[in-house]
Structure formats: structure tokens, C-alpha cells
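Chain letters run A, B, ... following the sequence lines, proteins first and then strands; every chain starts at 1. Computation of the quantities below employed the complete heavy-atom set of this structure, encompassing side-chain atoms and omitting hydrogens, waters and symmetry-equivalent molecules.
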Protein chains: 2
Amino acid sequence: MPDASPATYGLLGMLAARPMTGYELTQQVRRSLRFVWPVSEGHLYREQKKLVTLGWATVKTEPAGRRTRQRYAITRSGRAALRAWLASEPEEPHLQIEGVLRAFYADSSGPEALAASMRSTASSAGAMLAELHGFVDEYLAEGGPLDMLEDRTKARTFAGREMHPERLHSVALALDVTTQLLEVVEEFFTRTAAEVDNWPSTTDAELTPSTRARLEQNQSRRPS
Amino acid sequence: MPDASPATYGLLGMLAARPMTGYELTQQVRRSLRFVWPVSEGHLYREQKKLVTLGWATVKTEPAGRRTRQRYAITRSGRAALRAWLASEPEEPHLQIEGVLRAFYADSSGPEALAASMRSTASSAGAMLAELHGFVDEYLAEGGPLDMLEDRTKARTFAGREMHPERLHSVALALDVTTQLLEVVEEFFTRTAAEVDNWPSTTDAELTPSTRARLEQNQSRRPS
DNA sequence: GCAATCTACTCGCAATGCGAGTAAAACTCC
DNA sequence: GGAGTTTTACTCGCATTGCGAGTAGATTGC
């Protein structure tokens, strides 16, 4: 019996909202889940098959023109597995930000390289934030899922897509933390890149006061 | 020729400070690099060997009692490779926080499970923060690396460990962002867990105003 | 003196990433 | 209307990485 990983539950959770084809599943992951739990595309298709062997989903091959596609649907035991996972202990947070790794070793190169990598990271974070802002705007838009919840509209589709307003409370939570985290990344690297531009070197003694200030501010932010 | 990954450079960067044995390298990763770029232990030893085949480090087998250990040292071309990497474009940030994934699918379970997983994530973040606070305290301590930079002491060891005060400016940068990010995680999940305790369900219509507020606040935080 | 922990790793399998490849359908532009 | 591009809808295989078990000498605490 293969093991379930967070990625497995990521797909299972998507299916909990509605049945989907394999391709739709990968699109959904690319669209939104990516920010929360990145998984490579090839692996997504493997995981879909795993869901079936675990008995958590069923597949039906349906025609699509001259070709076929696989439609997955969650099973009762799939829902139970999802609930069980949601009730279990999550693992430690895992942050992988190459820009931070480069900052950590910045003393092995110069301020130019450091500032460049910081700006690059800031702009990656900015691009991701822009996508997330798109979601927020959509959720708040007239006729959007929030309006549906407030009963101002009976429609269940918006911008040509089927909406799941009952998921909005959960989705908004994930959206909120992710936004906050990326804001920290963008702001820190933007601000610090500008600072680094004035550094004579990455190891200069002249930087000592600013490093002291950084550390002391860090310490003072600490709640007792 | 095997490929270098950020993990490869993570080890190479450690060696840039001083020669180290394989075991010391894994300890350093466990101690500090883990927060910035997590790598499994088994893989660390593989990467050490890769550094040698790439010509970026040398190994010497040295005796340790009746046994031996491998001491790695960076080469000139290793330093060059590190500098070249530091001057290249970093990849996109990658956040993997299971607690966020669970929040995203919280509508498939109840408020109890959600609050529990949130508290668990908050306490993981808290534990990580406590370790980072230890570093800050150490750096600021009397006789610590900051004192060394300010020339108040000539020593180069502190708490029995060799210090690298010239790295402090870079290290403090990485420490600072990481702290800020984990603070966001801890605070968000602590605060929101308390809020979720009062939720009647994860899909209740009653939550609509609070979800609207969350989204609108998110939107208003956005800089123009 | 002996049990537990630390040093110092190796090994193998399973999980995952990554990029290429396939091929039909749909859409776009002149 | 036909040619070229993009989208749909995936499969495949190798390389990378994670994870847990295993080994065995050294050291420390009681």
C-alpha cells in the first residue's frame, strides 16, 4: 500500500469540492494550491492514480472528442481519510527561500551580487503576491463568492467558473497567511537591497552599527 | 558530472568559513542551515562527496582514535563556484507549511481540528523562533562576535566555539528575515486559532462578516 | 562497570522532481 | 480555409532527494 503524503491530501481536498478530470486537477494545483503546497506536474498524475489504489477516489474514462480523459471522484472513504488527516498533527513548517540562503553566505561575494539576488527574490514574491491579489479581488467582486454567501445572488458561477462559496472561509485563511508571508519577503528584500547598495563590502567593519541595530531590534521585538 | 543544487552550495558555503569534517558539516546544518535550507542527513553526506568529485573541495582521512573521519576543505575553484552561484538568479521562494494546507481545506472538517492544527503549527514556529532567539542572544552577548567586531576583545572563540565575526553581517540578514517570517506564522496561527474556537462550523454563513473583513483588510494592506 | 548518548558515518528503497515526448483538439491570423 | 500556435490531456524515464535502519567505536554519567 503506497503512503499518503500532504500532496495526496492536497489532491483529495480538491476532489472533495467536486469531481474533476486529471487535467483539471493539475490546473487547479497550478492555479492556487501551488502557493500552499507545490508539487511537480508529473507527480500529480502519479498521485491521482494513487488515490484510486487507496480507494479514496474512483476514475471514469470519459470521451473527449476522439480522445478520452479521466474523471476522478472522491469516495466515502476518501472523505473519511481527508477528515482523519485534518485531525492529525501537521509537520514543521518548511521555508525554502534561495534568496535567504544567498544572504546567509553573502560574505563570500560582494554587495552587488547580494543586492541583485535580493531584488530578484523581492520581485518573485511580488509576482506571487499579484496573483494572490487577483484572488482577493475576485472573491470580493460583485457577483463573486462573497456575494453568494451574503445571498445577494443565487448564481453559483462567476467569471465562467464554478464557485464554492462554502469553502471561502477556509480559503481566505490560507490566502491571508500566504499573503502576509510573501509581503514580509517582498518588503524585507526590497528594503534591504536598497541598504546593501551603500555597503562598501559584505564584511566591512563599518557595517557593525547597522548589524548591531538589526540584532537589537530583532531582540526587542521578542515578546516576554 | 553531477549537478550542483542549492544544498551543494549550502555545504560549500560552510566550508568557505573553515575546513570541517563530514560530521561537523551535518551538525552545522542541523544547527543553523536547517532554518534556511533544510536537507536530509543522508543526503548531506552524498553532497560532501559530490563537492570532491566537482573539484570544489578536498578530503583528507584523518585518525580519530581507532576510527577515521573525513576532513573537507574548500578549493580555489570551490570559492569561484560559490561566488558564481551567488551572482546567479535565485529561484522562486518555496513555502511548505502543512498548517496552511490544512487551513485551506478546513471546510472538510470541523473547527476543533482546524484550531488544533493551527496551535500545533504555531508552537512549531515558536520552537523554531526560540532557537533563533538563542542565536541573537549569543551574537549580542558580551565577548560574542559583535564585541569581536567592535574590537573590544581579541578572542576568536566564544562559548567554546570558533566564531566568524566577519560573517556576522550576512548571517544577521538571514536570521532577520527568517525570524520575521516565523513570527508571522506564530502570530497568525495563534490569533486565528483563538478566533476559530468560536466558530460554529467551518462553513457557517455566520462567518461571512469575518471573512469579508479578512479579505478587505488584505486588500487594503496592498500598496498602490 | 554498564547503559545511554555521542561521534561518524553507510546503505537501500521509496518518494519526488524535471524535462521530454505524444497526439488530438481548438483557436488565430491572413 | 489552411497553416501555425496554443491548449487539452496526459505518459515516461532518469536523476535527485528523503527517510529510516544499521554499524560500530568513543565518551559520559551514575
Quick check: on DNA chain C, is the nucleotide nearest E24(B) upstream (toward 5') of the one nearest V39(A), or the reverse? Name the residue that is more 5'. E24(B)
Of Q27(B) and H94(B), the one whose closest nucleotide on DNA chain C sits nearer the 5' end is Q27(B)
Is there a side-chain polar atom (N or O) of [X] under 4.0 Å from OP1 or OP2 of [N]?
X      : N      : result
T68(B) : dA8(C) : no
Y23(A) : dT8(D) : yes
R69(A) : dA9(D) : yes

Determine the contact category for [X]: base if any of its heavy atoms lies under 4.0 Å from a base atom, sugar-phosphate if only primed atoms, P, OP1 or OP2 are that close, otherwise nothing.
X      : answer
T26(B) : nothing
E47(B) : sugar-phosphate
Q70(A) : sugar-phosphate
R67(A) : base

For the side chain of S32(A) and the backbone of Q28(A), is there at least one donor-acceptor N/O pair under 3.5 Å apart? yes
Interatomic distance where [atom1] belongs to [X] and [atom2] belongs to [N] [whole Å]:
X      : N       : atom1 : atom2 : result
Q28(B) : dA8(C)  : CD    : C1'   : 15 Å
Q48(A) : dC12(D) : CD    : C1'   : 15 Å
R71(B) : dT7(C)  : CZ    : P     : 14 Å
H43(B) : dG18(D) : NE2   : C1'   : 9 Å
E92(B) : dC18(C) : CD    : P     : 12 Å
R66(A) : dA23(C) : CZ    : C1'   : 11 Å
E91(A) : dG20(D) : CD    : C1'   : 16 Å
L44(B) : dC11(C) : CG    : P     : 17 Å

When you check the gap from the basic side-chain N to the acidic O, do [X] and [Y] get nearer than 4.0 Å?
X       : Y       : result
E186(A) : R222(B) : no
E131(A) : R34(A)  : yes
R18(B)  : E24(B)  : yes

DNA chain D nearest-nucleotide lookup for G22(A) and A64(B): closer to the 5′ end is G22(A)
Among [options], which nucleotide sits nearest the side chain of [X]?
X      : options                   : answer
R46(B) : dC19(D), dA24(C), dT10(C) : dC19(D)
Y45(B) : dT16(D), dA8(C), dG17(C)  : dA8(C)
K49(B) : dT10(C), dT11(D), dG17(C) : dT10(C)

Does the side chain of S124(A) pick up a donor-acceptor pair with the side chain of T121(A) at under 3.5 Å? no
Less than 3.5 Å between a donor and an acceptor, one on the side chain of E41(A) and one on the base of dC10(D), is that the case here? yes
Whether Y9(B) and W85(B) hold their rings parallel, tilted or perpendicular, with breakpoints at 30° and 60°: parallel
